[in-house]
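Notes for the one structure printed next.
In listed order, ligands and their atoms are each counted from 1. One is the number of the first residue; the rest follow in order along the sequence.
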Amino acid sequence: MISVLHVSDLHFGKPSVPEAVAAIEQLIGAGRYDVVALSGDVSQRARAHELARGRAFLALAGAHARTIVVPGNHDVKWWRDPLGLGSTRAQFAAYRAYISHDLEPVLRVPEGTFVGLNTAHGVRPHTLTWNPRDIGVVGDLRRSQIERARAVFETAPAGDARVIVMHHNPLRGALSGRHGLAHTRRALGAFADLGVDLVLCGHDHQEAIHYVEHTRRGTVISTAGTTSNRSRGGRPGSVNEIAIEPDAITVHTRIWSAADRAFADGPVKRFAR
Ligand SMILES: [Fe+2]
Ligand SMILES: [Fe+2]
């Protein structure tokens, strides 16, 4: 079994709730997880001190578990390239300096292969909408990224769980009514084709557990909420605990209780593999 703590949208900086982060660090410190996955929006504005706090969080996690992290739209300095024409170097320089040089890391653990995909590309013409607030917010996956994931999975041992870690939610949020990712059908179709067992994402700031059925097998989508004060609808923050077993994937949402300064049990869903 692979035990995963899936957290997202910590938004270090002003929105961060230090007590909730401390409680997450306590969960990790208890040594219950093989993997800690952080699916982007580490920071609020990609500022140095915010990303430095993110680095400290990952260092602590790394002392107790294997870690994987990908950037979110808040970790990209999209305003360094507001027309989407220039190089992405300046946009990711701070993230690379503090969090990870690799924007699309691969993590291999016994029985599982985790592929990080960067869906936060800054300003790109095809992710713009008529809403100016969407500038630099909507995510996207390119065909070359899917092909890279395919190449990684093809070198993994047969029977390994195939896990994608990315920031933007490919399914509509219940309260937001929105997909974080553009061209979601194409992305979900590609995941089905790749035999992806599990997607770890965030961005919507509302936790969710979904199952997308395919003809052969399905994909579990774990959308982690946020523990920052940006939780959608003023709802309590949350994290997801996931058990990947040879025959099943179980996602258990843990809900932050500010009064108890601890995480309480939330919904649990189990899916056959
Ligand atoms: Fe976020
Ligand atoms: Fe986001």
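Residues R53 and E25 are paired through a salt bridge, judged by an N-O separation under 4.0 Å between the basic side chain and the carboxylate.
For H203, the N/O/S atom at the shortest distance from the Fe ion (ligand 2) is named ND1.
Among the atoms of H74, none of the N, O or S atoms falls under 2.8 Å from the Fe ion (ligand 2). For a distance bound of 2.8 Å, the N, O or S atoms of H11 include one lying that close to the Fe ion (ligand 1). Residue H205: an N/O/S atom is found under 2.8 Å from the Fe ion (ligand 1). Among the backbone and side-chain atoms of H168, none of the N, O or S atoms lies under 2.8 Å from the Fe ion (ligand 2).
Each of H203, H6, H167 was checked for a side-chain hydrogen bond (donor to acceptor under 3.5 Å, both in side chains) with S39, and the lone residue meeting it is H6.
For the residue pair D204 and A174, the shortest heavy atom distance occurs at OD2-N, 4.4 Å.
I221 has its side chain within reach of C201: a pair of non-hydrogen atoms, C-beta onward, lies under 4.5 Å apart.
Of the angles at the Fe ion (ligand 1), the one spanning OD2 of D9 and OD2 of D41 is 90° when given to 10°.
Ring geometry, F57 versus F12: the interplanar angle falls from 30° to 60°, so the pair is classed tilted.
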